[in-house]
Amino acid sequence: MIKKIKKFYLSIPMSRIQILIPMVILFFAFSCKHSSSVEKGIKKEKEKSGLTYIKTTIENGSSLNWELANDSTVNIHLNYDYERNSLNRAYDHWHFLLEAKKGTDLTLVFHNFSEIYNGEKMPFNTWIMDCITSPDDRKWEHVPVEWIEGERMKVKIHMESDSLYIARVDPYRVSDLQKLVSDIEENKLVKITPIGNTVEGRKLQIIQVGGDNAPHRIFIRARVHAWEPGGNWVVEGIIKKLLDNSRESKKYLENYTVYILPMANMDGVARGISRFNLNGMDLNRNLKVPADPILAPENAAMEKWLEAMIAKGMKPDLAIDFHNDSNGPLFFSTAGKEKKGYIENMEVLEGLLREHTWFSETTSFFGTTSFEEGLMARYDIDALVYELNAHWIKGLNKKPLSDDWILLGDELCNVFDLYFKETK
C-alpha cells in the first residue's frame, strides 16, 4: 500500500504539488478558524443565556435531549420508552437538575407528549400538564405551566440559586425505599421477605406490618409504572401510621396485617423511565395468565409469593394496586361482577373511602387484563386498582404533593379497619 501511495505521489508533476500544498494549508486553516468561530459562538450564546447544563444523571433522572434555542429558551425533548410486541410508547416522566447562573430567567419548552396507549395515539390534554421545582430535590412546589401549539408545554423559571431540580410529580427514589426499609426493619411488628429479583437483579421484597395470626390480610402493590410515585408515598403513610404505637394503630393491627410490594418496577425507577420494565413489558397487563419469568420476573416473583401464601391458608382478603393518572378513579374487576359478595364489598369500600379520606373521584368496572382482573380471575381475591390523580385532588381542592398522599395512607388504615368490620 505504501509503495502504491509513493508511486502515485511521484506520478504528480512537481508544478501541481507546488499549487496543491498552499491550497491544503488554506483549507485546514479555514476549517480550524470556522470550527473555532462556531465553538466561540456557542459558548457566547450559553454565557448570554446564563445556562450552564441540564444534568440527568441524578437519581431517578429522566431520559431526555436538550438544546439552547436562543438566549433564554431551552428545548427539552423527552425520550419515549416502548412496549415489547406492541405499538405502545410512553413518556410521562421528567426529573432533572437545571444548572444556570443565579438570577437567570429561562423558558423551558417540553416536546414529545403524544403517547401511543393500547395501540392508539393519545395526545396529552392541556389541563393535565404540571411541573414542580425544588432547590434540594426534596421540598417541592408547583409552578405555572402553559400549553402551546404543537403539543408542547412551556415553563418559565427564575433561578434563585445556581441550580434547581425540575420534575413532573414529587419523586420517590430507590434510595427513599432503602431508607424506609432501614428505618423499620428492626421493628418487631415488621418482617421483610425477599421474593425475587428484577430484570437487572435488584432485590424485590415484601414488607409485612403486623402478625401472621391477624384475622385479615391486605396485599398492596405500588410503583408498577415507574413514573407513578404516588403509591410509594401512600405506602409510607400506611406504614408510619401502623407503627406509631398509638391506641388506634394497635387496634388496627389486631384486625389486619398488611403485606406490601412497594416498588414492583424498581429498574424503571432507577433508570428514570416511564412505564415498562426493562424488557419492554407492562407489569399491569396480562395478569390473567402466569407471568413469563424471563420477560417479567417482577410479576413472576409476586405470583409465586401469592401462591405460597394461599398454600399456607393465608390468602389476602383484599388487594390494592396503586397508580397515578389524570383522573383518580377506582377500577374494580369485571370478573368480580359475577360474584355478589365482591360487588357488595367494593360498595362498602367506596363508601368508607368517601367518608373517611379525601377520595371523591369516580369508580368503574372497566375490564382489562390488569391487577384487579388477574387476582380476581386466578386467585379469587377481592382486588382493585386505585389511580391517584397526579394533577388535582378534588377532595382537597389542590394540586398534589407527597404530604397529601402520605395523609391518604394514614387515613386508609382506619378505612381498612372499618372495612373488615363491615364485610363478611
Side-chain angles (χ1 to χ4, degrees), residues 56-63 79 81-84 90-96 137 167 169-186 190-209 219-236 238-239 258-287 290-309 319-324 370-371 374 402:
T56 61
T57 54
I58 60 172
E59 186 182 7
N60 186 233
S62 51
S63 176
N79 294 332
D81 58 307
Y82 293 84
E83 185 176 20
R84 176 183 289 266
Y91 204 84
D92 302 285
H93 174 65
W94 52 92
H95 182 200
F96 56 88
D137 208 18
V169 284
D170 213 328
Y172 193 101
R173 311 152 196 80
V174 174
S175 64
D176 295 317
L177 176 59
Q178 291 170 337
K179 182 180 184 303
L180 172 66
V181 171
S182 177
D183 289 344
I184 67 174
E185 61 186 348
E186 299 299 324
V190 173
K191 184 186 297 184
I192 310 293
T193 304
I195 64 167
N197 297 293
T198 67
V199 173
E200 287 196 318
R202 292 180 174 88
K203 186 183 296 184
L204 296 168
Q205 298 173 317
I206 293 291
I207 300 174
Q208 176 183 340
V209 182
F219 172 50
I220 292 172
R221 185 176 74 160
R223 209 61 179 276
V224 162
H225 299 143
W227 83 266
E228 302 172 8
N232 279 130
W233 294 114
V234 171
V235 163
E236 283 229 357
I238 291 170
I239 291 174
V258 177
Y259 299 84
I260 302 168
L261 176 56
M263 194 175 281
N265 191 356
M266 196 179 297
D267 291 345
V269 176
R271 287 181 170 266
I273 60 177
S274 286
R275 187 174 181 88
F276 312 116
N277 82 347
L278 294 194
N279 282 329
M281 301 297 290
D282 189 332
L283 299 176
N284 198 37
R285 291 292 183 273
N286 302 315
L287 272 78
D292 185 317
I294 303 299
L295 296 180
E298 300 88 352
N299 278 359
M302 178 188 73
E303 292 168 2
K304 185 178 179 181
W305 173 81
L306 268 176
E307 289 162 5
M309 290 286 287
I320 304 176
D321 195 22
F322 282 104
H323 291 257
N324 282 125
S370 57
F371 181 90
S402 56

Legend entry - Student check: side-chain heavy atoms of T56 and S63 closer than 4.5 Å: no
Legend entry - Ion pair D137/R173, N-O distance below 4.0 Å: yes
Inset, instruction - Tell me yes or no: between the side chains of E298 and N277, is some donor less than 3.5 Å from an acceptor? - result: yes
Legend entry - Separation of D321 CG from R221 CZ (nearest 0.5 Å): 4.0 Å
Inset, instruction - Name all residues meeting the side chain to side chain donor-acceptor pair (under 3.5 Å) criterion together with H93; count only those two or more places apart in sequence or in a different chain, and write none if there are none. - result: none
Legend entry - Partners meeting ring pair (Phe, Tyr, Trp, His ring centres under 6.0 Å) with W233 (sequence neighbours left out): Y172
Inset, instruction - Can you measure from CG (L261) to OG1 (T193) and round to the nearest 0.5 angstrom? - result: 11.5 Å
Inset, instruction - Check whether any side-chain N or O of T198 sits under 3.5 Å from a backbone N or O of D267 as a donor-acceptor pair, and report yes or no. - result: no
Inset, instruction - State which residues pass side-chain contact (heavy atoms from CB on, under 4.5 Å) with V258; sequence neighbours excluded, sorted by chain then number. - result: I218, I220, L242, Y256, I260
Legend entry - side chain to side chain donor-acceptor pair (under 3.5 Å) involving S402 - partner list, sequence neighbours excluded: D170
Legend entry - Modelled atom types, side-chain donor and acceptor of N324 and H225, under 3.5 Å: no
Inset, instruction - Not counting sequence neighbours, which residues clear side chain to side chain donor-acceptor pair (under 3.5 Å) with S175? List them please. - result: E59
Legend entry - Over all atoms of both residues, closest heavy-atom pair of N284 and V224: N-CG1, 3.7 Å
Legend entry - Salt bridge present between K179 and D176 (N-O < 4.0 angstrom): no
Inset, instruction - Measure across N60 and P171 and return the closest heavy-atom pair with its distance rounded to 0.1 Å. - result: OD1-CB, 4.0 Å
Inset, instruction - Taking ring pair (Phe, Tyr, Trp, His ring centres under 6.0 Å) as the test, write out the residues that go with F371, two or more places apart. - result: none
Legend entry - All side-chain contact (heavy atoms from CB on, under 4.5 Å) counterparts of D292, not counting sequence neighbours: I294, L295
Legend entry - Residues E236, L180; criterion side chain to side chain contact (heavy atoms under 4.5 Å, CB included); working and verdict: CA-CA 8 Å; E236 283 229 357; L180 172 66; 4.0 Å; yes
Legend entry - Closest non-hydrogen atom pair between M302 and L287, with its separation: CE-CD2, 3.8 Å
Legend entry - Minimum heavy-atom distance between A291 and A296, given as atom pair plus value: CB-O, 4.0 Å
Inset, instruction - Please confirm whether the backbone N or O of I273 pairs with a side-chain atom of Y91, one donor and one acceptor, at under 3.5 Å? - result: no
Inset, instruction - Return yes if some donor-acceptor pair links the side-chain N/O of S62 with the main-chain N/O of H95 below 3.5 Å, else return no. - result: yes
Inset, instruction - Go through the side-chain N and O atoms of N265 and R223 and say whether any donor and acceptor fall under 3.5 Å apart. - result: no
Legend entry - Heavy-atom pair with the smallest gap, counting every atom of I206 and Y259: CG2-CB, 4.0 Å
Legend entry - Results of side chain to side chain donor-acceptor pair (under 3.5 Å) for E200 - residues two or more places apart only: R202, R271
Legend entry - Residue list, ring pair (Phe, Tyr, Trp, His ring centres under 6.0 Å) with F322, at least two apart or on another chain: Y386
Legend entry - Candidate pair E228 and V269, rule side chain to side chain contact (heavy atoms under 4.5 Å, CB included), full reasoning: CA-CA 9 Å; E228 302 172 8; V269 176; over 6 Å; no
Legend entry - Check against side chain to side chain contact (heavy atoms under 4.5 Å, CB included), V190 and I192: CA-CA 7 Å; V190 173; I192 310 293; 3.7 Å; yes
Inset, instruction - Output all residues satisfying ring pair (Phe, Tyr, Trp, His ring centres under 6.0 Å) with F219, sequence neighbours left out; order by chain, then residue number. - result: W305
Legend entry - Rounded distance (nearest 0.5 Å) linking atom CG of L177 with atom OG of S182: 11.0 Å
Inset, instruction - Give, for atom CH2 of W94 and atom OG of S274, the distance between the pair rounded to the nearest 0.5 Å. - result: 9.0 Å
Inset, instruction - For the pair I184 and I239, evaluate side chain to side chain contact (heavy atoms under 4.5 Å, CB included) and give the outcome as yes or no after the intermediate values. - result: CA-CA 9 Å; I184 67 174; I239 291 174; 4.1 Å; yes
Inset, instruction - Quick one: closest heavy-atom pair of G196 and A301, and the distance? - result: CA-CB, 4.1 Å
Inset, instruction - List in chain and number order the residues that pass salt bridge (Lys or Arg N to Asp or Glu O under 4.0 Å) with K203, two or more places apart in sequence or in another chain; answer none if no residue qualifies. - result: none
Legend entry - Presence of salt bridge, R275 and D81, under 4.0 angstrom: no
Legend entry - Residues in salt bridge (Lys or Arg N to Asp or Glu O under 4.0 Å) contact with R285, at least two apart in sequence or another chain: none
